[in-house]
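Bear in mind the structure is a predicted one, so any value in this text is a computation, not a measurement. FYI, side chains are in, hydrogens and waters are out, and symmetry mates aren't considered; it's all heavy atoms of this structure.
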Amino acid sequence: MIPLITAIPLLFAFTIAVLDTLRVKGAPIKAAFLLGAVLPAGIPLVRNGTEVVGGWSREAGIEVGIGEVNGPFIAGELILFTAVAIYSLSYFDFRDRKTAKALALFLLIHAGLLGAFISLDFFNFYIYMEMASVGAFALVAFSEEPGSRRAAFKYLIPSLLASYMFIFAVGLIYMETGYLNVDIVAEAANPSRELSAALGIAFASLLLKAGIFPLHGWLPDAHSVAPTPASALLSGAVVKAPAYGMILLFSALPLGEAIKTVGMAIAAASIFFGIGMMIFQRDAKRFLAYSTVSQMGYVLLGIASMNFTEAAYYAMAHSIFKGGLFLGIGSLGRKSRKLGEFGYRGAPVMAFSVLALSLAIGGVSPFIGAYAKGLISSGLSGNWSLVVPLGTVGTLVSFTKLNHYLLKGSPGKLRTAWKLSTSALAVAALGLGIYLGAKVKPADFIYLAVSAAIFLALRELGLFDREIKAKPAEVGREINVLTAVFVSVMLALLLLQRP
């Protein structure tokens, strides 16, 4: 039963491809896309636990499951993809022959993500993560934005390198333990140089695929030039697959304190680097892309501190509020992405949605972001416990800047489906926060007041008028730099684990 959660979107992706080949347009393709998007949500409602596909033994078969750790990942993906699907039906022109292909790619990503999240063995996880990645590369290249193919190529090559290294690490794990099932590997794994090497290589590979600093170089371009619904899916869900892979990795292999500490340091660096870059961005979608670099730091913080369920809830929260922000900002900024040249003045539904989602990502209660940040914070001790409150202030300052500019401008024509999708995710961020127990706290007012004061000070200093623009270089050179950083991080992780 559980594998159907992946089989359903694959079936409807194939159906769309056949309909497109037969030159069928309009309603049948829309119906197939919606069915592939929403039907998988029924599986977690009727089935959870674990099962081995095909009745094989756990040692030889493919085990899948829905449980406490991967359940939030699955829920976040299903909620976001439903909103993205509704948005996409109004976003794409169904007279264009590329539309059916784009929708099939969306379902391919949907299947890949769900397959990765239900996986309980390393190889099956790898296959599905790559399936989602292939769809992501193609959707970035599908964009009509200038530089989209360049961004897709810059995304593709480092990601492929990381994929090759990850599967090499999986081979080392199999060679050393004789198994691929995560739970059985955990039982069989004893500390060794081979497993330490596998851990360092796989961890570095997943850091790159998740777009975490300093291996984020491909992410701002790819996420900012993709079509709006693709940007929402890439930022809200695709980067979560490697995060789930980190949970599988850390739960199966012997870990030293050094690699946990380095993981937390990388997480903190990603949080504050992303915030710093957001402050100096005037391109709204690049602003949100750097926000993803920052927010994925919180997910890694939970993973590195061995609080896997807490990290999973933050991943779910981020899927909802970041996906909603990309849909909202993408709708408002159809003609220009430069802050100050568009906004939500005269569009009350979109204004409410973006403001609510900004509070959610800032960790203000009773939104789900506050609940998830509370979980992450509860698992930290010592100086690490300062990361979450400081990051909260920085995020609120950045999104105060965003809304300051959005208050100045007016949107173009907003379609009903766009407002519905964005507002649904805003309501979900609020409703889930209340349902999970997030309550208004006095500290939230302090965070908001401090953030407002810092925003006013920075504005007076004129920092928001400055912009950090990456100088376009030859794409091969940029890929070489990304590769060099990746290799350096991987070597550092390997050396760190030497006895």
Side-chain angles (χ1 to χ4, degrees), residues 84 98 101-102 104-106 108-110 112-113 116 126-167 204-243 245 270 273-274 277 281 283 285-296 322-323 326 330 337 469-487 489-490:
V84 166
K98 293 200 305 182
K101 297 178 178 63
L105 288 170
F106 273 105
L108 182 68
I109 295 174
H110 194 28
L113 291 174
Y126 165 77
I127 294 297
Y128 280 112
M129 179 175 65
E130 291 310 296
M131 182 188 297
S133 296
V134 168
F137 304 146
L139 280 177
V140 173
F142 256 63
S143 175
E144 300 296 332
E145 290 277 350
S148 60
R149 287 165 180 77
R150 183 181 188 278
F153 188 70
K154 186 177 172 182
Y155 179 12
L156 169 68
I157 300 303
S159 185
L160 283 180
L161 175 61
S163 298
Y164 298 148
M165 298 309 298
F166 181 81
I167 197 62
S205 301
L206 294 172
L207 285 172
L208 187 148
K209 283 182 166 289
I212 293 173
F213 176 83
L215 300 176
H216 67 287
W218 59 269
L219 188 150
D221 288 346
H223 287 201
S224 63
V225 303
T228 292
S231 294
L233 192 61
L234 292 174
S235 186
V238 172
V239 293
K240 303 306 187 310
S270 196
F273 171 81
M277 292 301 293
Q281 292 299 314
D283 182 313
K285 289 187 75 174
R286 286 185 75 85
F287 173 96
L288 293 177
Y290 277 112
S291 172
T292 298
V293 176
S294 177
Q295 293 293 305
M296 287 304 295
K322 177 50 67 64
F326 260 112
R337 297 184 345 199
K469 287 187 177 180
K471 295 181 180 179
E474 196 271 324
V475 67
R477 182 178 298 177
E478 291 191 359
I479 291 172
N480 287 341
V481 171
L482 287 170
T483 301
V485 175
F486 170 61
V487 172
V489 170
M490 185 168 59

Walk me through it: do Val475 and Phe153 pass the test side-chain contact (heavy atoms from CB on, under 4.5 Å)?
CA-CA 8 Å; Val475 67; Phe153 188 70; 4.1 Å; yes
Determine whether Thr228 and Lys285 satisfy the following criterion, side-chain contact (heavy atoms from CB on, under 4.5 Å), listing intermediate values before the conclusion.
CA-CA 9 Å; Thr228 292; Lys285 289 187 75 174; 4.0 Å; yes
Which is it for His216 and Met296 under the side-chain contact (heavy atoms from CB on, under 4.5 Å) test, yes or no, and what are the steps along the way?
CA-CA 10 Å; His216 67 287; Met296 287 304 295; over 6 Å; no
Full working for side-chain contact (heavy atoms from CB on, under 4.5 Å) between Leu219 and Val239:
CA-CA 10 Å; Leu219 188 150; Val239 293; 4.3 Å; yes
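Residues Leu234 and Ala136 share a closest heavy-atom pair of CD2-CB, 3.3 Å. For the residue pair Ala151 and Val225, the shortest heavy atom distance occurs at CB-CG2, 3.7 Å. Nearest heavy atom pair, residue Gly323 against residue Ala232, reads O-CB, 3.6 Å. Residues Val489 and Pro214 approach most closely at CG2-CG, 4.0 Å, considering heavy atoms. What you find for Leu105 and Ala138 is that their closest heavy atoms are CD1-CB, 3.5 Å.
Atom-to-atom distance recorded for Leu139:CG and Leu233:CG is 8.0 Å, nearest 0.5 angstrom. For the atom pair CD1 of Ile167 and CD1 of Ile127, the computed distance is 6.5 Å after rounding to the nearest 0.5 Å. One distance of note links CG of Leu160 with CE of Met165; it measures 13.5 Å at 0.5 Å rounding.
With Arg150 as reference, Glu478 is the one residue of Glu145, Glu474, Glu478 to meet the salt bridge (Lys or Arg N to Asp or Glu O under 4.0 Å) rule. Among Ser224, Ser143, Pro227, the single residue meeting the side chain to side chain contact (heavy atoms under 4.5 Å, CB included) criterion with Ser148 is Ser143. When each of Glu130, Lys154, Lys209 is checked for a side chain to side chain donor-acceptor pair (under 3.5 Å) with Ser159, only Lys209 meets the rule.
Of the possible donor and acceptor atoms, one in the side chain of Lys322 sits under 3.5 Å from a partner among the backbone N and O of Leu288. The backbone N or O of Ala226 lies less than 3.5 Å from a partner atom in the side chain of Ser231, making a donor-acceptor pair. Of the possible donor and acceptor atoms, one in the side chain of Ser270 sits under 3.5 Å from a partner among the backbone N and O of Val293.
With no hydrogens or angles considered, a side-chain donor-acceptor pair links Thr292 and Ser235 at under 3.5 Å.
The shortest side-chain heavy-atom distance between Phe287 and Met277 does not fall under the 4.5 Å cut-off. Counting heavy atoms from C-beta on, the side chains of Ser205 and Phe486 come closer than 4.5 Å. Using a 4.5 Å cut-off on side-chain heavy atoms (C-beta onward), Pro220 and Tyr290 make contact. Contact of the Leu206 side chain with the Met129 side chain is registered, since non-hydrogen atoms from C-beta on lie closer than 4.5 Å. Between Trp218 and Leu208, the closest side-chain pair of non-hydrogen atoms falls below 4.5 Å.
Ring planes of His223 and Phe326: perpendicular class, angle over 60° (limits at 30 and 60°). Ring orientation note: the planes of Phe166 and Tyr126 are close to parallel, at an angle under 30° on the 30°/60° scale.
Both tests hold for Lys98 against Phe142: distance to the six-membered ring centre under 6.0 Å, angle to the ring axis within 45°.
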